[in-house]
Amino acid sequence: MKVVLVGGGKLAYYLSRVFAAKNHEVCIVSRDAEECQWLARNTRATVVCGDGSDPQILEQAGMRAASVVLAITPNDPDNLVVAQLAERRFGVPRRLALVNDPESETVFARLGVEAVSMTRVLSQLIEQKTEVSEITNLILVGEGKLNATQLDLPPDAPGVGQSLREIGLPENSLVAGIVREGEPIVPRGETVLAAGDRIVLITVPRNHGEVLRALMGVDA
Amino acid sequence: MARELFVVIVGCGRLGSHVANRLSASGHSVVAIDLQQSTFAALSPEFGGFRLEGDATELSVLTLARTERADVFIATTSDDNVNLMAAQIAQTFFDVPRVVARVFDPARESLYRELGVTPICPTTLAVDALLAFVPEVVEGGIDT
């Protein structure tokens, strides 16, 4: 798979390492010439130096062959236009833009660009961490319409010793995966939860509290 | 004079301030928005509109500018992408009927049009004006 990262900095560096480790082809587009040289030396990515919202530069970056474009510059307008160009000019199937101003998330959504706000994700993570340490909000899909949450089941949790069927989670919720003593389990109805299980949970905001109560005995 | 218009202008640099001064002088209501208050010094002493310091790609700033009442929205900053984003917000969130934005890169003009924003490209305009000066070049090719 070919991934184009528009924007430099530490984020481009670490992301390119993640993608390269999975054998994806990565191209980084950055405006900063010095940074481009550094990225070219320190990553396996192809580096194109230039304005990532310039169609000609994107052409050079091989945008036509890209499966994924991540617009990760510190400027929201640049990220918006990169994603729009990727869709309209180059037909890139998957596009994700970083928004720096959490308010921009609504704007991007309305303009048809999928966006993620680091500020919001971080603040929600911190909020969750400080409330109940066994519960970690992993990701929010579609502006928080769907939540992925990680739970570490303490021994006294009401879910321990019961099968998922017995617990009877509400509609639109799912225990998607369990890590038990380092081993992954994709659970079924008869899977019985044990103390110390690390659970990946999918919920919607409406049933999030109810599901947490059923499994952990706490409110979100 | 035709009906009085309410115009929101983003960017109060050379172009933005000039347009704001002209529109205000012809009796239209104008709101000029710029990141930096110092740029408002370019507005003429007769400028009768409002000055708003802020980032026009933020919904709250455009709300403060009462963009929902605007007949015309003009984005004139020196950053093409800021202009395109602000213009799209004006059009999508505030239903402004006429939205125009400056674009420096002629290669981006078509993207603006596709997204419903009328582009004004200084380079294209200059080229047209220069070629109009020698019309025979454009019409029939060079006649030798």
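Numbers restart at 1 for each chain; the letters A, B, ... are given by sequence-line order, proteins then strands.
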Chemist: Looking at every non-hydrogen atom in both residues, tell me the closest pair between B:Ala107 and A:Pro55 and how far apart they are.
Modeler: O-CG, 4.2 Å
Chemist: Within this structure, what is the CG-OG distance for the pair B:Leu111 and A:Ser53, rounded to the nearest 0.5 Å?
Modeler: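 Answer rounded to 0.5 Å: 9.5 Å.
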Chemist: Which atoms of A:Ser104 come close to chain B, meaning under 4.5 Å heavy atom to heavy atom: side chain ones, backbone ones, both, or neither?
Modeler: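 Side chain of A:Ser104 only, per the 4.5 Å heavy-atom cut-off to chain B.
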Chemist: Is A:Gln56 atom CD crowded by more than 12 heavy atoms from other residues, nucleotides or ligands, each under 6.0 Å away?
Modeler: no
Chemist: Looking only at heavy atoms, which of residues 89-96 of chain B get nearer than 4.5 Å to chain A?
Modeler: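 So the qualifying residues are B:Ile89, B:Thr92, B:Phe93.
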Chemist: In Å and rounded to the nearest 0.5 Å, what is the CG to CG distance from B:Asp105 to A:Asp54?
Modeler: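 Going from CG on B:Asp105 over to CG on A:Asp54, the span is 5.0 Å.
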Chemist: Going from CG on B:Asn81 to CG on A:Asp76, what distance comes out if it is rounded to the nearest 0.5 angstrom?
Modeler: 11.5 Å
Chemist: What's the verdict on side chain to side chain contact (heavy atoms under 4.5 Å, CB included) for A:Leu80 and B:Gln88, showing C-alpha distance, side-chain angles and the deciding distance?
Modeler: CA-CA 11 Å; A:Leu80 176 73; B:Gln88 287 185 81; 3.7 Å; yes
Chemist: With a 6.0 Å cut-off (strictly less than), is the heavy-atom count around CD of A:Glu114, excluding the residue itself, greater than 12?
Modeler: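 Counting neighbours around CD of A:Glu114, 12 or fewer heavy atoms of other residues, nucleotides or ligands fall under 6.0 Å, so no.
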Chemist: Can you confirm whether more than 12 heavy atoms, excluding those of A:Arg94, are under 6.0 Å from its CZ atom?
Modeler: no
Chemist: Can you pull out the residues in residues 53-67 of chain B with any heavy atom less than 4.5 Å from chain A?
Modeler: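 Result: B:Thr57, B:Glu58, B:Leu59, B:Ser60.
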Chemist: For atom CZ of A:Arg110, decide whether the heavy atoms of other residues, nucleotides or ligands shown that lie under 6.0 angstrom number more than 12.
Modeler: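 More than 12 within 6.0 Å, yes.
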Chemist: Determine whether the side chains of B:Glu114 and A:Gln84 contain a donor N or O and an acceptor N or O closer than 3.5 Å.
Modeler: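 No donor-acceptor contact under 3.5 Å links the two side chains.
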Chemist: Where do B:Val82 and A:Asn75 land on the side chain to side chain contact (heavy atoms under 4.5 Å, CB included) test, with the steps shown first?
Modeler: CA-CA 9 Å; B:Val82 168; A:Asn75 301 311; over 6 Å; no
Chemist: So for atom CE, which belongs to A:Met1, do other residues, nucleotides or ligands contribute more than 12 heavy atoms lying within a distance under 6.0 Å?
Modeler: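 Counting other residues, nucleotides and ligands, CE of A:Met1 exceeds 12 neighbours.
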Chemist: Using every non-hydrogen atom in the two residues, find where A:Pro77 and B:Met85 come nearest and quote the distance to one decimal.
Modeler: CA-SD, 3.5 Å
Chemist: Give a yes or no on this: more than 12 heavy atoms of other residues, nucleotides or ligands lie within 6.0 Å of atom NE2 of B:His18.
Modeler: no
Chemist: Mark yes when over 12 heavy atoms from residues, nucleotides or ligands other than B:Phe50 sit less than 6.0 Å from its CZ; otherwise mark no.
Modeler: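 Check fails, neighbour count at 12 or below.
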Chemist: Counting only heavy atoms from other residues, nucleotides and ligands, does the tally under 6.0 Å from CZ of A:Arg89 exceed 12?
Modeler: yes
Chemist: For B:Asn83, is it the side chain, the backbone, both, or neither that has a heavy atom closer than 4.5 Å to a heavy atom of chain A?
Modeler: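 B:Asn83 has no heavy atom closer than 4.5 Å to chain A.
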Chemist: What part of B:Leu84 gets within 4.5 angstrom of chain A, counting heavy atoms only: side chain, backbone, both, or neither?
Modeler: side chain
Chemist: Need one label for A:Asp101: side chain, backbone, both or neither, based on atoms under 4.5 Å from any heavy atom in chain B.
Modeler: side chain
